[in-house]
Amino acid sequence: TTKEDVKSESTASAASAGKADPNAALKKGLTVGFLPKQVNNPYFTSADKGGEAALKELGSSYKEVGPSSATDTSGQVSYVNTLTQQQVDAMAVSAQDPGALCTALKQAMSNDIKVVTYDSDTKPECRNAFVSQASAEDLGRTEVQLLAEQIGYKGEIAILSAAQTATNQNVWIDFMKDELKDPKYKDIKLVKTVYGDDDAQKSFQQTQGLLQEYPNLKGIISPTTVGIKAAAQYLSGSKYKGKVKLTGLGTPNDMRKYVKNGTVEGFELWDPSKLGELAARTSVALVSGQITGQEGETFTAGDMGEFTIGKDGVISLGKPTVFTKDNIDQFNF
Amino acid sequence: MTVTTPQNTPVTEVPKSSGTRLVDRVFKMRELAILAVFLVMIVITQLGNSEFLTEQGIKDLLLNATILVLVAVGQSLVVITRNVDLSVGSTLGISAFAAGTYLQGGGNAVVAVALAVLLGIGFGLLNGLLVSLGQVPALVVTLGTLYIIRGIDSIWVGSRQITAADLPDGFVDFGSGGLSAVPYLALIAVVVLVATAYYLKHFGSGRELYALGSNPEAARLAGIPVRKRILVAYTFCGALAGLAGALYLARFGNVDSGTGNGYELTVVSAVVVGGVVFTGGSGSVYGAALGALLLTSINSVLPALGVSSVWVLAINGILLILAIAVDRVVALRVAAALKKRNARHG
Amino acid sequence: MTHPSEAGPAPVLSLKDVSKSFGAVRALRDVSLELFPGEVHALAGENGAGKSTLIKTLAGVHRPDAGQVLLDGEPVLFHGPGDARDAGIAVIYQEPTLFPDLSIAENIFMGRQPRRALGRIDHKATHAATLALMQRLGVELDPDRPARGLSIADQQIVEIAKALSFDARVLIMDEPTAALTGSEVARLFGVVRTLREQGSAVLFISHRLEEIFQICRRVTTLRDGAWISSEPIDGMTEDDLVRRMVGRDLDELYPKQEVEPGEVALSVRRLTREGVFTDVSFDVRRGEIVGLAGLVGAGRTEVARAVFGIDRWDAGEVDIDGKALTNGAPSTAMSAGLALVPEDRRAQGLVMDMSIERNIGLTGLRTTVKAGLVDRGAERSRSLDWAVRLQVKYARIADTVNTLSGGNQQKVVLAKWLATGPKVLIVDEPTRGIDVGTKAEVHRLLSRLAADGVAVLMISSDLPEILGMADRVLVMHEGRLTAEIPRSEATEESVMAAATGRAAA
Amino acid sequence: MADSTLSRARRWSALKRWDSAVGALLIVVLLLSFTTVDGFGNALNLSFLIGNTLPIALIALPMTLLVVAGEIDLSVASTAGLSGAVMGALWNQGMTIEAIIPICLLLGVVCGLINGLLVTRLGLSSLAVTIGTLAAYRGIAQIVLGSDAVTDFPTQYLDFAAGRIGESFVPQAFIPFLVLLVIAVVALHLTPFGRSLYAIGASEEAARFSGIRVKRQKLLLFTVTGLMASLTGIFWALHYASARFDNATGLELSVVAAVLLGGIDFDGGKGTLGGAIAGVFLLGALQNVMSLSDVSAQSQIVVTGVLLVLSVLGPRVARQISVARAGRRAASAPVPKAPTPVS
Ligand SMILES: Nc1ncnc2c1ncn2[C@@H]1O[C@H](COP(=O)(O)OP(=O)(O)OP(=O)(O)O)[C@@H](O)[C@H]1O
Ligand SMILES: Nc1ncnc2c1ncn2[C@@H]1O[C@H](COP(=O)(O)OP(=O)(O)OP(=O)(O)O)[C@@H](O)[C@H]1O
Ligand SMILES: [Mg+2]
Ligand SMILES: [Mg+2]
């Protein structure tokens with residue numbers, strides 16, 4: 001059997017069946033399980049807290065399970081199984097791997113459990129809907145725009161990403177490259193993409209290496225909270241502080257110091273707690289039958305307003321917020 | 001107990017036999033080999049990238065090695081006694097967080113370091129007690145405490161994290177500062193290293209660590225307080241892991257529940273590359289420190305040479321194997337030469 | 001139980017009604033013993049009689065289950081070997097206990113090195129003191145050489161040097177001479193006499209009875225853990241002593257059977273291993289026992305190792321029944337019918353943590369097989385059969401060999417190899433540490449094997465044994481064969497002359 | 001009277017053997033979970049439990065043999081990752097899966113052979129060597145597959161690796177595992193090969209002096225370990241329908257922990273496969289039960305650690321008790337007679 005054979009026999013199967021009833025009442029007393037990539041990860045904790053608050057408001061209960069390592073895919077699969085066994089009504093999953101969770105998630109869906117992915121998606125047929133932190137396109141393009149402005153549209157830049165396999169980072173990086181094709185960036189050269197595996201020490205050393213290899217480097221984009229923090233820490237303790245610009249995705253609490261001491265001018269992020277909240281509300285809407293995950297369906301997510309389901313069941317949170325020293329003190333996450 | 005000491009032997013000149021110098025050389029050889037590999041690597045990198053050995057570059061190189069050197073020194077003491085401590089990574093993580101939590105409230109930096117070291121000592125004692133009193137295999141016990149400490153750490157820390165913003169500026173600056181190209185942290189590591197090496201060579205209890213690693217049964221018969229020594233080795237190892245935790249905090253300014261995760265493999269690699277033998281009784285802390293320097297430098301050299309990070313891991317592994325293989329071949333050659341000489345004059 | 005204690009000085013160290021058990025084995029039962037200053041006291045008994053256990057009790061290694069240890073008449077309780085050492089008791093254990101990674105000097109002075117200011121070790125003084133000790137023992141060993149790779153004999157010498165370095169009031173020696181040849185033994189006895197004259201008490205164990213008669217004044221015998229007698233040596237004959245040990249009269253120690261040698265079974269041609277031995281050629285015929293003599297370190301063991309395939313040789317050839325052996329392949333040597341009883345039973349002869357049964361079974365892994373699986377029944381009966389034939393003293397065949405006494409361990413090694421039914425048998429120090437009764441037994445066995453057509457090469461440092469058993473004696477000196485002496489001409493003088501390189505080859 | 005004390009002693013010694021204790025503990029945990037934990041006993045959950053534990057169990061088979069022989073292989077997870085990565089890369093090239101699998105298995109053999117040669121030819125410590133190849137193999141996997149995640153393997157293979165037999169709790173892949181288990185048990189406990197492994201582990205030198213081909217046996221063992229690791233890698237990629245370079249990361253520690261828990265002594269020469277497999281499934285079952293009971297991942301780590309510590313302290317304490325008992329008994333019992341010589 002070859003890849004071609006498989007391709008020809010596979011038909012895109014719709015993940016969800018049934019018909020949506022936009023006016024259905026929201027059910028109460030549901031249990032929604034949150035399964036982040038890693039428990040104890042501040043970002044996910046913050047997201048899941050958002051989910052918890054929303055569920056409480058909706059009269060449903062929340063639980064969080066998950067592996068203690070962000071690369072323990074088999075652990076995550078076991079947790080999908082666990083949630084299935086516990087017969088939760090819906091689960092919100094941030095997938096460590098787009099494919100590995102599929103079998104287990106399909107198993108869950110066939111047991112009448114609604115599956116929402118958030119932050120990191122799986123293959124579309126393995127879940128009912130994906131709550132995206134911001135459209136990948138927005139994120140990728142705005143990061144380039146941010147940095148270009150800081151370095152005056154001129155000079156060498158590099159990317160410090162997370163793991164080489166991190167799905168969302170890779171999509172953003174593709175959009176970054178696409179954005180750079182615009183003629184207004186003709187003096188900017190992306191020299192290299194390196195991977196810090198979301199490990200502080202490794203990201204730290206990768207930053208060092210970048211600066212040694214490209215002494216003329218003007219800027220770094222790090223689309224990962226761990227990476228940007230490590231890079232900022234290195235820059236702030238080195239002679240490059242303030243000279244090499246750094247931007248990307250980070251949390252205000254992590255980056256406050258570096259923004260204040262001049263290492264970083266500006267960076268961006270969505271509010272993770274909003275992401276979690278939307279995931280929770282989407283789950284409840286799915287269970288209640290307001291939506292099924294088909295393109296074009298709409299639903300109201302409490303105070304957050306109305307959302308429309310896009311292609312492949314993607315629901316987008318909206319544009320990210322840019323943090324600078326002027327506004328950073330207004331945020332606490 | 002009387003000892004036949006030199007009082008009654010003529011204090012004539014002791015002829016240093018040729019075998020002696022050869023034996024000495026065998027041991028020095030291993031360290032020299034690592035040093036040579038290290039230097040060659042640095043020179044090649046410098047040729048390929050003139051930015052590599054700038055002041056900042058040297059500082060980075062030394063800073064990167066510092067923490068691993070400290071932990072590796074502690075680990076070698078334990079390995080010399082024919083044991084191992086796999087829990088160092090967990091200990092490092094939890095003591096870094098403890099120090100960070102204390103400093104968050106704006107505490108005194110010295111107290112924070114002391115706190116981290118004390119915590120390390122505590123876990124070292126726990127390991128030491130289990131291994132020496134329980135007389136159970138160190139590998140299993142410390143794999144167990146690796147999990148236990150890691151678990152306690154994650155339960156305690158949860159999703160909290162300490163960031164540079166929470167720490168006193170002086171502390172963080174100390175972590176990246178130094179006397180021109182020599183960081184303060186590296187100075188601390190060197191002091192610890194030299195003191196430990198001196199202790200191992202020139203003090204009775206230091207030699208006894210080698211003895212009991214070399215032949216535990218004979219050590220018991222020779223009246224060496226085996227359990228006490230093992231306990232001390234573990235405690236020292238824990239203390240250094242704790243100290244390393246505090247320095248980690250100063251250096252990276254960033255600690256969470258994952259800090260130090262998986263560090264034990266790196267430490268064990270450094271010790272092994274440094275020629276400290278896992279069956280105990282031989283090796284030196286200088287070797288271990290060189291091993292640590294070599295390993296961390298590879299991680300700086302490859303990016304500096306522009307090697308794609310995709311290749312880093314593979315090259316790392318292959319270099320590690322080459323290092324121990326070359327070391328082994330050299331050692332075998334020298335041992336063969338030694339044996340032939342001995343056979344002739346014996 | 002009364003002991004013939006004499007007027008004069010009080011005993012410096014004594015045991016009173018001491019018992020000690022290991023699990024179900026009662027190693028000592030109500031044993032008493034008195035050691036007086038200025039005497040060399042022998043402890044005699046068969047293998048497993050409890051001699052080493054007694055010594056370990058004196059040395060604080062074991063704590064007695066019942067009874068007392070008395071020092072200067074006062075009961076003492078040693079909590080460990082350190083306590084006994086501090087009380088002035090130096091011990092040479094039966095099995096060398098060295099630190100292989102440390103230098104000889106460190107081995108000797110471990111834990112009590114001469115110190116400089118601030119408690120730092122005085123390495124120079126340690127070195128000098130070691131050299132002085134080596135001179136006293138008349139050996140040339142480099143104090144800075146690591147103990148790893150020392151031959152058993154050299155290890156034993158280091159042990160002796162260590163014990164002497166204490167200047168102890170009591171020196172206890174558990175078979176210190178088992179690995180030594182005549183000249184080293186003579187040196188050792190010289191030192192022991194000096195100690196005796198200085199008023200030390202010495203407790204001495206040896207299975208070589210002539211040594212006991214040579215140097216000891218009184219002898220205590222044990223049998224099966226029980227005290228049998230303590231009495232002056234004067235007026236005793238070897239037979240008297242043997243009767244006390246064994247409980248019956250002994251047959252001849254060297255029951256040599258005359259056999260007409262057959263074809264050449266083992267042929268070694270110009271064998272050389274660089275730096276170790278050179279140009280060694282000899283034959284061993286069926287039915288022949290060939291002795292291989294030499295001083296310690298002459299290279300005999302190395303030749304045996306190379307022939308068997310443990311070490312590779314650099315040049316030469318080894319044939320068994322005319323077929324050449326592969327270099328460095330013990331398994332092919334085994335299938336060709338060669339067996340080697342190695343000199344270091346603990347490291348080489350036995351897997352100490354394995355049962356007697358499994359140890360003997362190890363050499364039969366390729367023969368006691370049914371349909372590719374180990375035939376457990378056959379394995380057990382093979383092991384039992386040989387353990388019983390060699391009179392191994394054990395509680396259960398499934399006990400691990402490290403619970404056996406040294407001599408019984410040696411028998412297990414023999415059993416393991418005899419069970420393969422070898423054509424050529426190389427035995428390296430086959431009776432080291434074996435009691436007289438068993439020694440005679442082993443000799444009879446070797447004789448019978450030879451009579452059955454096995455070619456035997458016997459390496460031994462026990463010259464009387466070589467002279468008593470060998471049809472021919474080969475002598476090595478510094479890695480070369482220096483003489484081949486037929487039985488009729490072999491005497492202590494002729495062999496020693498060749499071994500020390502004084503005779504023409 | 002002496003006889004009855006003796007047999008009682010033997011029964012006691014069988015009980016104090018840690019591997020039987022682990023087996024007993026496993027049964028107790030299973031029974032308790034069946035009765036008290038919701039969702040544990042149903043076929044689906046059990047099949048999850050077994051399916052997720054299979055990779056560890058598969059590698060534990062050769063690992064046990066290695067450890068008995070006094071060696072260790074920490075590169076197994078990387079070998080598994082590498083063969084998964086190669087499988088994905090070749091699949092992307094359009095090769096047939098039937099051709100890819102043998103190639104990957106062969107690759108595993110090569111990986112194992114490299115470990116084995118480094119250990120036996122150069123006499124390096126296997127711990128050091130396999131820490132090196134742990135990095136090297138994983139690194140090569142990264143080079144081979146990069147950031148790709150290959151997921152579109154043929155359904156019949158995926159179904160086999162993830163599915164179960166009918167509606168029963170037995171995963172389909174469990175049957176081949178049982179066959180491998182039987183082979184391993186026979187090899188270790190009943191063949192001369194297995195015997196010689198125990199001897200090598202307990203005393204390599206004595207084994208060599210007994211005519212055992214130490215190096216060859218070890219080389220064979222490392223090679224088989226590589227083969228099994230790559231088999232696990234293939235299984236992993238199919239079971240989770242995902243081939244990535246970082247598949248099975250960290251699996252080696254889980255295997256080591258489980259094998260240690262099963263009473264395999266890392267000094268070599270001791271332990272049984274039964275114990276090792278009981279250890280593997282005990283850890284798997286406990287994790288499953290704890291997750292179902294909402295015990296957090298962090299607490300699960302602590303439990304694993306405590307179990308490991310107990311696994312070595314337990315037998316030690318039991319031994320001390322039994323020694324003390326035997327001593328008391330011996331003081332009263334008559335001395336067992338030595339067998340009478342017949343010659
Ligand atoms: N550690 C131990 N555990 C169990 N049994 C032991 C132990 N040490 C000695 N024994 C047993 O105690 C008995 C006496 O042994 P011991 O070593 O004292 O004999 P020995 O007289 O020194 O013999 P040999 O002349 O062979 O050295 C033997 O039956 C032996 O098997
Ligand atoms: N395993 C070893 N490693 C290194 N050197 C060794 C080893 N065994 C012996 N030697 C050295 O090789 C030389 C020859 O020793 P060997 O044991 O062959 O002598 P021998 O004649 O058999 O003496 P004996 O059997 O009385 O000890 C000696 O100098 C010895 O120190
Ligand atoms: Mg004895
Ligand atoms: Mg010899």
Side-chain angles (χ1 to χ4, degrees), chain B residues 84 86-87 90 126 130-131 134-158 257 261-262 264-266 268-269 271-273 277-279 308-329 331-332, chain D residues 72 74-75 78 114-115 118 121-147 245 249-250 252-253 256-257 260-261 264-267 296-317 320:
Chain B
V84 68
L86 292 180
S87 71
S90 303
L126 173 70
L130 283 170
V131 172
Q135 291 185 330
V136 289
L139 193 79
V140 195
V141 166
T142 58
L143 185 62
T145 50
L146 176 158
Y147 285 128
I148 295 175
I149 301 173
R150 167 76 44 218
I152 293 175
D153 189 22
S154 355
I155 293 173
W156 175 47
V157 175
S257 65
N261 214 346
E264 57 282 345
L265 271 192
T266 317
V268 168
S269 307
V271 168
V272 167
V273 168
V277 183
F278 250 89
T279 45
S308 154
S309 57
V310 174
W311 292 79
V312 170
L313 192 58
I315 294 179
N316 232 325
I318 291 168
L319 281 182
L320 185 70
I321 294 167
L322 273 183
I324 49 180
V326 167
D327 174 52
R328 171 73 182 176
V329 171
L332 280 181
Chain D
I72 192 170
L74 292 181
S75 73
S78 299
I114 292 174
N115 286 334
L118 283 167
R121 295 295 133 192
L122 283 182
L124 297 172
S125 112
S126 55
L127 190 73
V129 165
T130 57
I131 285 179
T133 48
L134 169 121
Y137 296 161
R138 182 69 71 189
I140 296 170
Q142 192 176 3
I143 294 167
V144 168
L145 198 59
S147 58
F245 85 84
T249 300
E252 69 280 346
L253 268 196
V256 168
L260 285 175
L261 183 61
I264 314 292
D265 189 335
F266 263 66
D267 288 342
S296 72
Q298 299 94 301
S299 312
Q300 292 188 20
I301 301 180
V302 178
V303 171
T304 309
V306 170
L307 260 181
L308 269 177
V309 173
L310 286 184
S311 81
V312 281
L313 275 182
R316 163 107 203 131
V317 171
Q320 260 165 2

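Below, chain A is the first sequence line, B the second, and so on; all start at residue 1. Below, all heavy atoms of this structure are taken into account, side chains as well, without hydrogens, waters or symmetry copies.
- D/T133 touches chain B through backbone and side chain together, each having a heavy atom under 4.5 Å away.
- With a 4.5 angstrom heavy-atom cutoff, D/S311 touches chain B only via side-chain atoms.
- Between D/L313 and B/L130, the shortest heavy-atom contact is CD1-CD2, 3.7 Å.
- If you take CG on D/L124 and CD1 on B/I321, they are separated by 9.5 Å, rounding to the nearest 0.5 Å.
- The shortest non-hydrogen separation linking D/L122 to B/A325 is CD1-CB, 3.7 Å.
- Nearest heavy-atom pair across D/A128 and B/V272 is CB-CG1, 3.0 Å.
- When heavy atoms are compared at a cutoff of 4.5 Å, D/L261 does not approach chain B at all.
- Not counting sequence neighbours, the partners of B/T145 by the side chain to side chain donor-acceptor pair (under 3.5 Å) test are B/N127.
- Within the 4.5 angstrom heavy-atom criterion, only side-chain atoms of D/L127, from C-beta onward, approach chain B.
- Using a 4.5 Å cut-off between heavy atoms, D/L260 touches chain B through its side chain atoms alone.
- D/A135 and B/G317 get closest at one heavy-atom pair: CB-CA, 3.6 Å.
- Among all heavy-atom pairs drawn from B/I152 and D/V302, the shortest one is N-CG2, 3.7 Å.
- The heavy-atom pair separating D/I140 from B/A314 by the smallest distance is N-CB, 3.8 Å.
- Heavy-atom pairs under 4.5 Å with chain D were tallied for B/L143, B/I318, B/V273; the largest tally goes to B/L143.
- When the options D/T304, D/V309, D/L307, D/V303 are evaluated for a side chain to side chain contact (heavy atoms under 4.5 Å, CB included) with B/Y147, the one that passes is D/T304.
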